[in-house]
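Below is one structure, written out as structure tokens; the observations come after it.
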Protein chains: 2
Amino acid sequence: MRTVEKALRLLDYYDGQNPEFGLSDLARLSGIDKATVLRMLGDMAATGLVDQDPESRKWRLGAGILRLARLREAAFPVTRVLTPILERLAAETGETAHASLISGRHLGTVGIVESTRSNRVSLEPGQMLPLHATASGLAYGAFARPELRAQLLAAPLPAATATTPTDPHRLAELLDQAARRGYAVADQTYEDEVFGIAMPIFGPDGFATGALAVATPISRMTDTHTAAILAALAPAAREATLGLGGRFPPTQRPAAD
Amino acid sequence: MRTVEKALRLLDYYDGQNPEFGLSDLARLSGIDKATVLRMLGDMAATGLVDQDPESRKWRLGAGILRLARLREAAFPVTRVLTPILERLAAETGETAHASLISGRHLGTVGIVESTRSNRVSLEPGQMLPLHATASGLAYGAFARPELRAQLLAAPLPAATATTPTDPHRLAELLDQAARRGYAVADQTYEDEVFGIAMPIFGPDGFATGALAVATPISRMTDTHTAAILAALAPAAREATLGLGGRFPPTQRPAAD
DNA sequence: ATTCATCGGTTCATTATTTACACCGACGTT
DNA sequence: AACGTCGGTGTAAATAATGAACCGATGAAT
């Protein structure tokens, strides 16, 4: 496989729970030889993408990322646009709202605003969301470039919970349903007790680039609550698309207001 | 040379002025074959580090960076700590203040607060600062891990302006001076008309991890102004070090307050 | 105390991946 | 119509990645 991609995939293991890894940890997780991992980490450290704690010798995300993030935000102010939208969405629904953008083969969470209720869904910052097992992923997949659908259905569909769709036919149904409705739901397909509702965020080409989602504890789900969430989600997703310079595909063009 | 590093160095060409590149641009800049660059970009796109505008086919920084930046900030809140310090420093000095952290072989700018005066130094967000030609670089180099000094003196020292130190002996003098004084100055060594004053930000190991700097138009430089800037810079740099969990080396321990 | 496992890291022969060159069609200028 | 440039592809040659064995250090278990 391509070395550069393998090296960068090492970064996928980092999340809010695991901000640093030892050399052997990463070798074990990735299945790559230690010597190779070490060289990859060395290369990434040389460009500031990771750095090594001189004491514990563990490898962390590096300062170079901040520089890149600043540039990305300057050229394309995603966070600045999404944050207020998420805050409003969380306030209106009383539930945790989050936004994610496509990042390789997964959706990368780029913004989270948690519900203020004590019983709420809590999400890891920076989590990678699988496309087949989350409402965000389905909403994205249903409106992504057509090639993606085939790739998605052909790829392995690991089960995260008992209700994760692992059968390609089932997944195809869910994608079709999301495409028809304009939104996707996920009933505990990724985390037990969590129900997700998501709508796509469209890019300038009229295909999805990410998703905006509301996650609620399963205990609170009722039809009226779902309806309320959708009522708040639709304008928020629309605003997110417009705020990021996206355009709606003809089939999904919302009513002008 | 190592492929991973070469691939990641492509990202160094991005800055505030150049938020996107065509395939051939990057091949030309890097001196790498187009085919190779394309594969590298493909690998980086697969992990979300870059993405390609589907229309113009140009390559931009990707959404995956935001995820990583969030994680980095969560584990190690650099920006949150530095921003208020920079704001205060800019207000007190009336000049542009910026902070940078080591990122591979350069300092990566991670925060800038510009002076409010109309005649001010204006900096590119995300700029990469060479160690030998900037006050920040000298301040960093004078207090970095000892190995760095030899590397720095051995590396090529490209001239950015007429007064850039290009002679290793001269650079060694400047580093010694900075080490003695605890701060570094740069009189138009990187940009004409710009005078920089910088102090190191120390990491947990007592070596520099970055620098805090004030940049002023040469026309405004006087001894009293320099003294005023230093008076504001010293506590700011101290605060930055402490705020990032750093520790001072014995020789640089500031007086307790 | 001694063993044992695991850690981070290095070395080196083998091999598989990267590389560069030529080439492609498409687009814009001259 | 000729030319230059663009993004991208195929291929043979060669370079760079690879992984097993090994090292010293550290820490836990016996």
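Per chain, numbering begins at 1; letters A, B, ... match sequence-line order. Given the structure is predicted, the values throughout are model-derived calculations rather than measurements.
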For C:dT19 and B:Thr3 - does any side-chain N or O of the residue sit under 4.0 Å from the phosphate oxygens OP1/OP2?
yes
If you check the B:Leu23 side chain, which of C:dT18, D:dT9, D:dG7 turns out closest?
D:dG7
Nearest to the side chain of A:Asp33, which nucleotide is it out of D:dA20, D:dA17, C:dA20?
D:dA20
Choose from D:dA17, C:dT18, C:dG9 the nucleotide whose nearest atom is closest to any side-chain atom of B:Arg2.
D:dA17
Rounded to the Å, how far apart are B:Gln52 CD and D:dC6 C1'?
12 Å
Atom-pair distance (CG on B:Asp53; P on D:dG8), nearest Å
11 Å
How about B:Glu73 and B:Thr79: does a side-chain donor come under 3.5 Å of a side-chain acceptor?
yes
Looking at D:dG19, D:dG7, C:dT18, which one has an atom nearest to any side-chain atom of A:Ala35?
D:dG19
Quick one: are B:Leu138 and B:Leu171 in side-chain contact, heavy atoms under 4.5 Å?
yes
Can you tell me how far C1' of C:dC24 sits from CG of B:Leu38, to the nearest Å?
14 Å
Pick the closest DNA chain C nucleotide for A:Arg28 and for B:Thr36 by heavy atoms, then say which residue is nearer the 5' end.
A:Arg28
Quickly work out the B:Trp59 CH2 to D:dG7 P distance and round it to whole Å.
10 Å
B:Leu29 CG to D:dC6 P: how many Å, rounded?
11 Å
Separation of B:Glu5 atom CD from D:dA17 atom P, in whole Å?
10 Å
Take the protein atom CE of B:Met40 and the nucleotide atom C1' of C:dA20, then report the distance between them rounded to whole Å.
12 Å
Among the candidates D:dG7, C:dG8, D:dA17, find the nucleotide nearest to the side-chain atoms of A:Lys34.
C:dG8
Just how far, in rounded Å, is P of C:dC7 from NZ of A:Lys58?
9 Å
Closest heavy-atom pair, B:Pro165 versus B:Arg170, reported as atoms and distance to 0.1 Å, is CB-CG, 3.8 Å
D:dT18, OP1 or OP2 - any side-chain N/O from A:Lys6 closer than 4.0 Å?
yes
Let's go through A:Phe207 and A:Phe143 carefully: what are the C-alpha distance in whole Å and the side-chain angles of both, what is the deciding distance for ring-ring contact (aromatic ring centres under 6.0 Å, His included) to 0.1 Å, and is it a yes or a no?
CA-CA 6 Å; A:Phe207 293 106; A:Phe143 295 100; 9.8 Å; no
Side-chain N or O of A:Arg57 closer than 4.0 Å to phosphate OP1/OP2 of C:dC7:
no
Could you tell me whether the phosphate oxygens of C:dT6, OP1 or OP2, come under 4.0 Å of any side-chain nitrogen or oxygen in A:Ser24?
no
Can you tell which of B:Leu23, B:Thr36, B:Asp51 makes a side-chain contact (heavy atoms from CB on, under 4.5 Å) with B:Leu41?
B:Leu23
